[in-house]
Amino acid sequence: MTVQELPGAAAYRPTPPPAWKPLTDPAPLLPDPEPYRVLGTEAAAGADPELLLRLYAELVRGRRYNAQATALTKQGRLAVYPSSTGQEACEIAAALVLEERDWLFPSYRDTLAAVARGLDPVEALTLLRGDRHTGYDPREHRIAPLCTPLATQLPHAVGLAHAARLKGDDVVALAMVGDGGTSEGDFHEALNFAAVWRAPVVFLVQNNGFAISVPLAKQTAAPSLAHKAVGYGMPGRLVDGNDAAAVHEVLADAMARARRGEGPTLVEAVTYRMDAHTNADDATRYRVDSEVEAWRAHDPILLLERELTGRGLLDEDGVRTVREAAERMAAGLREQMNADPVLDPMDLFSHVYEEQTGQLREQAARLRVELDAEHDRHDESGAEDVR
Amino acid sequence: MTVQELPGAAAYRPTPPPAWKPLTDPAPLLPDPEPYRVLGTEAAAGADPELLLRLYAELVRGRRYNAQATALTKQGRLAVYPSSTGQEACEIAAALVLEERDWLFPSYRDTLAAVARGLDPVEALTLLRGDRHTGYDPREHRIAPLCTPLATQLPHAVGLAHAARLKGDDVVALAMVGDGGTSEGDFHEALNFAAVWRAPVVFLVQNNGFAISVPLAKQTAAPSLAHKAVGYGMPGRLVDGNDAAAVHEVLADAMARARRGEGPTLVEAVTYRMDAHTNADDATRYRVDSEVEAWRAHDPILLLERELTGRGLLDEDGVRTVREAAERMAAGLREQMNADPVLDPMDLFSHVYEEQTGQLREQAARLRVELDAEHDRHDESGAEDVR
Amino acid sequence: MTTVAAAAGERTGRAKPATMAQALGRALRDSMAEDPTVHVLGEDVGTLGGVFRVTDGLAKEFGDDRCTDTPLAEAGILGAAVGMAMYGLRPVVEMQFDAFAYPAFEQLISHVAKMRNRTRGAMPLPITVRVPYGGGIGGVEHHSDSSEAYYMATPGLHVVVPATVDDAYGLLRASIASDDPVVFLEPKRLYWSKAAWSPDAPAAVEPIGRAVVRRSGRSATLITYGPSLPVCLEAAEAATAEGWDLEVVDLRSLVPFDDETVAASVRRTGRAVVVHESSGFGGPGGEIAARITEQCFHHLEAPVLRVAGFDIPYPPPMQERHHLPGVDRVLDAVARLQWEAEG
Amino acid sequence: MTTVAAAAGERTGRAKPATMAQALGRALRDSMAEDPTVHVLGEDVGTLGGVFRVTDGLAKEFGDDRCTDTPLAEAGILGAAVGMAMYGLRPVVEMQFDAFAYPAFEQLISHVAKMRNRTRGAMPLPITVRVPYGGGIGGVEHHSDSSEAYYMATPGLHVVVPATVDDAYGLLRASIASDDPVVFLEPKRLYWSKAAWSPDAPAAVEPIGRAVVRRSGRSATLITYGPSLPVCLEAAEAATAEGWDLEVVDLRSLVPFDDETVAASVRRTGRAVVVHESSGFGGPGGEIAARITEQCFHHLEAPVLRVAGFDIPYPPPMQERHHLPGVDRVLDAVARLQWEAEG
Ligand SMILES: Cc1ncc(C[n+]2csc(CCOP(=O)(O)OP(=O)(O)O)c2C)c(N)n1
Ligand SMILES: Cc1ncc(C[n+]2csc(CCOP(=O)(O)OP(=O)(O)O)c2C)c(N)n1
Ligand SMILES: [Mg+2]
Ligand SMILES: [Mg+2]
């Protein structure tokens, strides 16, 4: 389908105002006034118990993963870790809602989503350990590299989804971004391209209240971030980001819509970052404990546990089994991360271009000499080879 | 007033979704479903006859100005001219709605607005004649330089309006941009800053149906460009851009709102570019004549003339007087533009920095030598001095 | 790298005068015809055929999906191209003018240049970014920037600048075929330059990265590329009157940089002037002069000189002739190459 | 230019160890106290005091309107600063990290650098863009770029890089006081470097544009700036063991470039190495080496050599030590300065 064949577009000609009509009807694009919820509401009755249990196990595992990764920074095993504690419902739902052929576009905070999609945690953490920019083959896992420059991954998701659609492949891209990231020009351009191209892409904004220290009220004056959707002609959906069932349902709807060729959706999940921005951040500088406490009562694991136990789907044994599995994962991660990565400095020159330029060959040769000299010195002094 | 003191912002703390409330009420932000009109409607009765007559005279003058400037490109007196023929209602209303202390931020197409604000036409056209980047002192006229990189002037308008507000000055900035320009990241960032800062700025989008050859349907899938406003938490207003009285009224309301400290407004004026993109463009490549003809029936001068004559405010004499004045302006412009501008090449080095660097002094000296040599050669050959 | 077989044949068709713009358009067409993954996108590239008409006819021949008019947002265009390349397409992006590529700078520097390296070779981005660039066409502000210094300083990008009709075709074909991202700078003022050229059997496509000696000479070497090549060739002709026999090297690509050809020439002549339109300070000439000096120090009879645009923002159309390095300025530099030392 | 009287006094206070970050913060504070038109804006500069705490305390002392946490959008920040400067304010923008200044590239190149020239002096933009820059702090990708080549190549900008605690204060004061836009590059890895310094009576503020000889020597000149100054000083010490007495020049600003100081030193020593962390190809070193060669050709015993970061994207933290020019690499270059020719 070409751009011209899109409904509306084909017929479009500028018409003088007496005959002016909006390109699209705004009403269905506007988000509900309140975030959509499932857990603890009537909608919960319709939820698939198996999905809820799966979500629960993954949430617990995800929380443990966050804790373990944060601990690894203290042991110097990770250069930095931006925790998604408190936001696990979004991370997990985003991963689980995807088919294998779909693509995930995570931001730098979303290693958990990548891990929940099946990526090896060590591979997911390579960027943050500091040994490689990306620890996995994005094409193999259909997970784009964790993206640090905010919102820049969004046009990538649009381009990829567009390419897949042109090829006739049934592939949807799900792109994640933070509330702060919505202020970037790339957010705007990506959403506009997606809507004009009707690209099969779902934008998930995790509104966790802060961009490092900057609260949402200094970031936007919009009624909600989901309201931005109408300006692109796509539907905006507002969801309780701590309600895993709700996030999953809203994302699943958006994915289905994209698959049907109806174009992109903007989903805002209202959540909260329980930890500091990263291990290096001091959150007490910009927020009060009472606020954190208020959110603790609305914890994603708590909400789901309450629902599951209330409905008799989960008992103490079930909780214990899930926690033990999470502990095993954490122990495995600890152990794996204890090993020093084996790095070859000569790799620095291997992937700048397909073929090394003459300059790079010369520079590589110079480094080779330096490393050999270093090696010799270490040999002489009996020290370990650091290469 | 600091950002924190803004209504809403002061109280803002992330609240868990059960208590979640939108930052602002979206309802008043949404544009009406149809462009607002005055001429030929009941609203016309309330319009100030004097204003209508003033608008009429300026529209006719503006049309003539556009024609004259286009003619000047054919005579090689202008490097290029992007005509605003058909869009004069927007250009004129934008200029007339400003107080002397306010600022205008024109795009490259808006020389007419600058001229209507009182700028000497020759000064306004310097950029397009090719002798200077800007022909006037922006601070003297409170007209920012005509801006070529699309949408980049919008954050400037926001910053200036913000600065004026901080200083306590009653200054509003009016920034003009095209439909195509709304796709740029700078549009997004500027509107967001304006809303968060509650800056006294009015954004006027002239939706003339095309960005060079690209029609609106390939530019956006939004219901209207005015709908983008809600995503920033500012009101969006849709107006018939060929109805000078309507554009003036909507802009005046937005200016008043800004002056009252209520923040920015996004105004979309639906209009049509009757000429090609510039004199260098071939519009037949991308649009059909019948479309142009349809818009001719909705011409801004026609609409206003019909209203004024219908109400007995204008007769044939009046029309003639106005046209004669426009002709005089055109004749004056022709004459002024007939003179070659006197340029000193050494000026190239005068304003790069406050103080010339050593390098620039050297380079200037080199050019001086070249010019003297050229001068001597011309003297010898008896030719004119081209400096 | 995909093969560019179609272009590798012998030149058999009848040569007719063609402009550089036509040759570029033909290169796009042939690339698209040969490789269905090649997609062109940008502002006004479809229905209009581009403001310089380089993409004229492509949307008609290949459809809007292969040659797409995008929304007006350069970061979005290049960002979308990144995603398309991630999925296996080979996007060719047109930036309408030099200065309008700047909004896409972050995408270019932080992603396009780095993705192959970031993924250790797993995800190369075969993107060609076409930028009509440079001055001399009487363009108003922002339409005449020479931006090559920015791209040269960014590891991971190739930077290619054709100066002839033949090269326009050949280098663009090679750039599109490259699995590495290429910033392809098209000298606007050469768009309408003509040469005998046969679109039916274009010359063989050479790989990117080889400079070429456009004129042999023994007195000194002029090193240049793109818009300044004709200036240098004219200067070389004029120099014969002074008894100088100048060699002219056309770099064709700034990255990769062909040290061999350049150094070999300068070792032969012992004197060199680098000529480009871009501002001098921090421009390509510094790098080139420094490399030559490092590699040919003991062959140099004089310091390598540079003739460049002044260190000023690009001037308005009526003043640009004073800014652009012309024949006189080149000859003046040649005269300053310390010939007296020769004796 | 506003006066910087407060800073022009004699150093009378008691000197205590202070970090470069503290001196920068103090420069902001003193500028704001002295001139009510100075406004600081950026991401996290207010409540948090900046991710490097350089702006710590400013919002408290001067209010949110003078030190403002902006939305997360760099082009918007710089674009707003342009508008503020148009209205007579003197904005100081913080870009959170080097690579995150790229989204503002168009505003910087097409407006900030050109507005004075565009308006023929009527509307200068006294904007200071602070960019924490460079590597060596174990930052993940995009947090360690050396971007000075981009700014150097842009006429209309000043480019300033302090290397000492004193200069951090003095050059930032001078930059804010300048009526021209300044890209102020703060070497991240020197943020916590300490020196005896008295915040109560800082040293006199010199105008931007003067290089300084940090160590006198007679064998060869090391030319450097910012993060590489400590490396060069260390190398110069180590070189004494080899019998080399190295002079070290700290450029302090790349634009304006202090040809006099540099050329005078190289004419004295006859040999020079330019050292910087930025990639070599197309980096500042090429310009510097080319200038020196043009100006000192007959004083040079050897070509000016360059020691720079490799021509690769900045490596991950665990690999950065291989990329960054260290003492050994500097000494190796010094050794290649053709000493045998001397005899
Ligand atoms: C273009 C860009 N600017 C600035 C930064 C520095 N930075 C990293 S995270 C962050 C805050 C992001 O906030 P948000 O988008 O809400 O995501 P969150 O951290 O809450 O997940 C900032 C400013 C960046 N990574 N990229
Ligand atoms: C950043 C940027 N990109 C591209 C261009 C080239 N260009 C000039 S005008 C134009 C179309 C503008 O369309 P619109 O915003 O609708 O304004 P109009 O011409 O209709 O007044 C384009 C693409 C530019 N000036 N700036
Ligand atoms: Mg956030
Ligand atoms: Mg338009």
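So you know, we letter chains A, B, ... as the sequences are listed, proteins then strands, and number each from 1. Being a predicted model, the structure only gives us computed values, none of them experimental.
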- Note on the structure: When the 4.5 angstrom heavy-atom criterion is applied to B:D240 and chain A, the contacting part is both

- Query: What option among A:M234, A:E184, A:E34 has the most heavy-atom pairs under 4.5 Å with chain B?
  - Reply: A:E184

- Query: If we only count heavy atoms from C-beta on, is the B:P223 to A:D25 side-chain gap below 4.5 Å?
  - Reply: no

- Task: Would you confirm whether B:D186, through its side chain, and A:G185, through its main-chain N or O, come within 3.5 Å as a donor-acceptor pair?
- Result: no

- Task: State the CG-CD distance between A:N192 and B:Q219, to the nearest 0.5 angstrom.
- Result: 7.0 Å

- Query: What part of B:F193 lies closer than 4.5 angstrom to a heavy atom of chain A: side chain, backbone, both or neither?
  - Reply: neither

- Task: Check the surroundings of atom CD in A:E42: do more than 12 heavy atoms from other residues, nucleotides or ligands lie under 6.0 Å from it?
- Result: no

- Message: Please check this pair: side chain of B:T24 against backbone of A:A221, looking for a donor-acceptor N/O pair closer than 3.5 Å.
- Response: yes

- Search all heavy atoms of A:V230 against all heavy atoms of B:V230 and return the closest pair with its distance. CG1-CG1, 3.0 Å

- Task: Measure B:L29 against the heavy atoms of chain A and call it side chain, backbone, both or neither at under 4.5 Å.
- Result: side chain

- Item | Identified side-chain contact (heavy atoms from CB on, under 4.5 Å) counterpart of B:P17 within the set A:Y36, A:W295, A:Y272 | A:W295

- B:P26, part contacting chain A, at a heavy-atom distance under 4.5 Å: both

- Query: Under 3.5 Å, is there a donor-acceptor pair between the side chain of A:H227 and the main chain of B:Y232?
  - Reply: no

- Item | Polar side-chain atom of B:H188 near backbone of A:T182 as donor-acceptor pair, under 3.5 Å | yes

- Message: Do A:V270 and B:T15 make a side-chain contact, defined as non-hydrogen atoms from C-beta onward lying under 4.5 Å apart?
- Response: no

- Query: For chain A, which of B:P31, B:G236, B:A226, B:S183 has the most heavy-atom pairs under 4.5 Å?
  - Reply: B:S183

- Determine the minimum heavy-atom distance between A:P33 and B:W20, stating which atoms define it. O-CZ3, 3.3 Å

- Item | Test item: A:H298 and B:P18 side chains (from C-beta on) under 4.5 Å apart, heavy atoms | yes

